[in-house]
Amino acid sequence: MSDTGVTVKKSEDFSEWYTEVILKSELADYAPVKGCMIIREDAYAMWEKIQEIFNKKIRATGHRNVYFPMFIPEGFLKKESEHFAGFVPEVAWITQGGDTPLEEKLAVRPTSETIMYATFAKWIRSWRDLPVKINQWCNIVRWETKATKLFLRTREFLWQEGHTAHATSEEAEKEVMDILQEYKDVMESYLAIPVLIGVKSDSEKFAGAHYTTALEAMMPDGKALQMGTSHNLGQNFAHVFDIKFIGEDEKEHYVWQTSWGITTRLIGAVVMVHGDDKGLVLPPKVAPVQVVIVPIPYKGADSTAITAKAKETAAKLKAKNLSVVVDDREEYTPGWKFNQWELKGVPVRIEIGPRDLKQQQVTVARRDTYQKTTVKEDEAADAVEKLLEEIQSNLYNRAKKALDEKITPVQNYSEFADALKEKGGFIKASWCGNPECESKIKDETGATIRVLPFQQESIAANCVYCGQQAKKTVYFARSY
RNA sequence: GGGGCCGUCGUCUAGCAUGGAUUAGGAUACAUGCCUGGGGCGCAUGCGAUCCUGGGUUCAAAUCCCAGCGGCCCCA
């Protein structure tokens, strides 16, 4: 028995399944340094797709890409004390260059607010210089000491960080929400992962932010995953870094700022949410290979005709801008190839054998449902294109259903505990707004407030923990 | 933050309890040749191991002890 396939069932040992799928589908590999990973071809290709999608969105709204250095002088980080306190436990420091100790140690960026904003102070003079809307794609380092997990928590990861400065609070506020919506679209329309959006509680907000908005998804094991954040920084950093401009009113003002990011963690979410016992199941819109064609050459059959037909079909699909691979390797049997491409999550497989040739058809198999049908040869390209759309929406609908099933409204703390114990997921509950209740709940159950949804609806009059007058309806969950 | 498990050819592993004799064995992968082909084909031959690293115990260590490195899981 071969062990090249996935040996663990997703429903039986989720963690093990996750690791195994990633390694065997060759998305990633471990690096020699603890908590670091190698992002392999297919995963990187997905990251590039995400970059393409998001770049297009932010360019359309006037943002431009830049690159700042990865070394940040300690003094910069220390300027905003809350920010520094939030990040210092996991900053990697450079203290020596060659043989020479550095006079001031350098942080390997855990995020770039400080180095960017020191520069903003130089760039911004007048209201005419605003808004500043920049973004960078880069790596960052957060020296995790706790458990690391492929894609979800590694010491180094890739992300994009957008940073903006505006003349007014309203404008910054709008930016935060616009970006949040763009993120939501990336996740739902492209990654096929539904998310809950809202504001973070103070204890969970970004260190140094005025407030943080976030997008939260639900994983099949009942744990929430933060998919992205968009922060309203208010004027905190502006004051610290002295980012001022002369307004139209001829007076001096501090800028209003935002920052926002998504990371390679999204790839881990795709694996978790859509994958199955055979391996990855990739949403067509971000799949590096959308269609694989496997010729079935029988002994005695006209294998040149079969291969020719496979290539011809591939050409038709490519003409529709689809990414297609013809797997004409002779050293593997068709059955072996089916399994391998399923492991890699390719959404659609086309089989072309003597039978198809004779009947001028192709056999089409979809990854999400394993359904196999035959399609007339000249209709194949259109049919596949349509099928890919169908798979994309099927994956989203499946995930949406799973999310909805994992949201439990509760009236009191015993219901809260039961729901969390039984199925995990999001617990929708009323909260008085006191951080102490939040913190006690965390200590007792491991669940934290993931978001305070924008659309508030009252589900109970009293706080789920202390019984005092409730102020907010929030989603709790255990999280990654 | 706390607890537990693990590390042997590229990969999965046997051997470890009770130290010595398996030449560290097998499967898979890889290479070559044949045979096959609509769900991980078959046969033959071949290649492939610092038993994670360092130290200790011992006449003798993959096996026991300690430390380090790396991985996994669970709990809060």
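As the structure is a computational prediction, the values presented were derived from the model and not from experiment. Naming convention: chains lettered A, B, ... in sequence-line order (proteins, then strands); numbering from 1 in each chain. Atom set for the values below is all heavy atoms of this structure, side chains included, hydrogens, waters and symmetry mates excluded.
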Salt bridge check, [Y] against [X]: does any charged N sit closer than 4.0 Å to a carboxylate O?
| X | Y | value |
| --- | --- | --- |
| E405(A) | K423(A) | no |
| E390(A) | R366(A) | yes |
| E82(A) | K205(A) | yes |
| K428(A) | E457(A) | yes |

Taking only side-chain nitrogens and oxygens of K149(A), does any of them come within less than 4.0 Å of OP1 or OP2 of C73(B)?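 The answer is yes; a side-chain N or O of K149(A) sits under 4.0 Å from OP1 or OP2.
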
Taking 4.0 Å as the cut-off, does a side-chain nitrogen or oxygen of T333(A) come that near to OP1 or OP2 on G40(B)?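 The answer is no; no side-chain N or O of T333(A) sits under 4.0 Å from OP1 or OP2.
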
For A62(B), which nucleotide is its Watson-Crick or G-U wobble mate, given both distances must be under 3.5 Å?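 Checking every strand shown, A62(B) finds no partner, since no pair has both distances under 3.5 Å.
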
Mind checking if [X] touches a base, just sugar-phosphate, or nothing, with heavy atoms under 4.0 Å?
| X | value |
| --- | --- |
| D13(A) | nothing |
| K372(A) | base |
| G446(A) | nothing |
| P32(A) | sugar-phosphate |

Of the listed nucleotides ([options]), which one gets closest to any side-chain atom of [X]?
| X | options | answer |
| --- | --- | --- |
| Y298(A) | C72(B), G38(B), C41(B) | G38(B) |
| P297(A) | C41(B), G37(B), G39(B) | G37(B) |
| I296(A) | C73(B), G38(B), C41(B) | G38(B) |
| F338(A) | C73(B), G71(B), G39(B) | G39(B) |
| Q340(A) | C72(B), G38(B), G40(B) | G40(B) |
| T19(A) | C73(B), G38(B), G71(B) | C73(B) |
| E342(A) | G39(B), G40(B), C74(B) | G39(B) |
| Y332(A) | G70(B), G38(B), C30(B) | C30(B) |

Judged by each residue's nearest nucleotide on RNA chain B, which is more toward the 5′ side, G35(A) or T445(A)?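 Closest to the 5' end, via its nearest nucleotide, is G35(A).
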
Quick check: on RNA chain B, is the nucleotide nearest T148(A) upstream (toward 5') of the one nearest P354(A), or the reverse? Name the residue that is more 5'.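 The answer here is P354(A).
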
Would you measure the distance from the [atom1] atom in [N] across to the matching atom in [M] and give it in whole Å?
| N | M | atom1 | value |
| --- | --- | --- | --- |
| C41(B) | C35(B) | C1' | 9 Å |
| A62(B) | U23(B) | C1' | 15 Å |
| G25(B) | C16(B) | P | 15 Å |
| U22(B) | C9(B) | C1' | 16 Å |

C52(B) P sits how many Å from K34(A) NZ, rounded?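 After rounding, the gap between these two atoms is 19 Å.
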
What distance do M227(A) atom CE and I193(A) atom CD1 have between them, rounded to the nearest 0.5 Å?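 With rounding to 0.5 Å, CE (M227(A)) is 4.0 Å from CD1 (I193(A)).
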
Is there a donor and acceptor pair closer than 3.5 Å between the side chain of T363(A) and the base of G38(B)?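 In this structure, the two groups form a donor-acceptor pair.
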
Crowded around Q51(A) CD? As in, over 12 foreign heavy atoms under 6.0 Å?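 Yes, CD of Q51(A) has more than 12 neighbouring heavy atoms, counting only those of other groups under 6.0 Å.
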
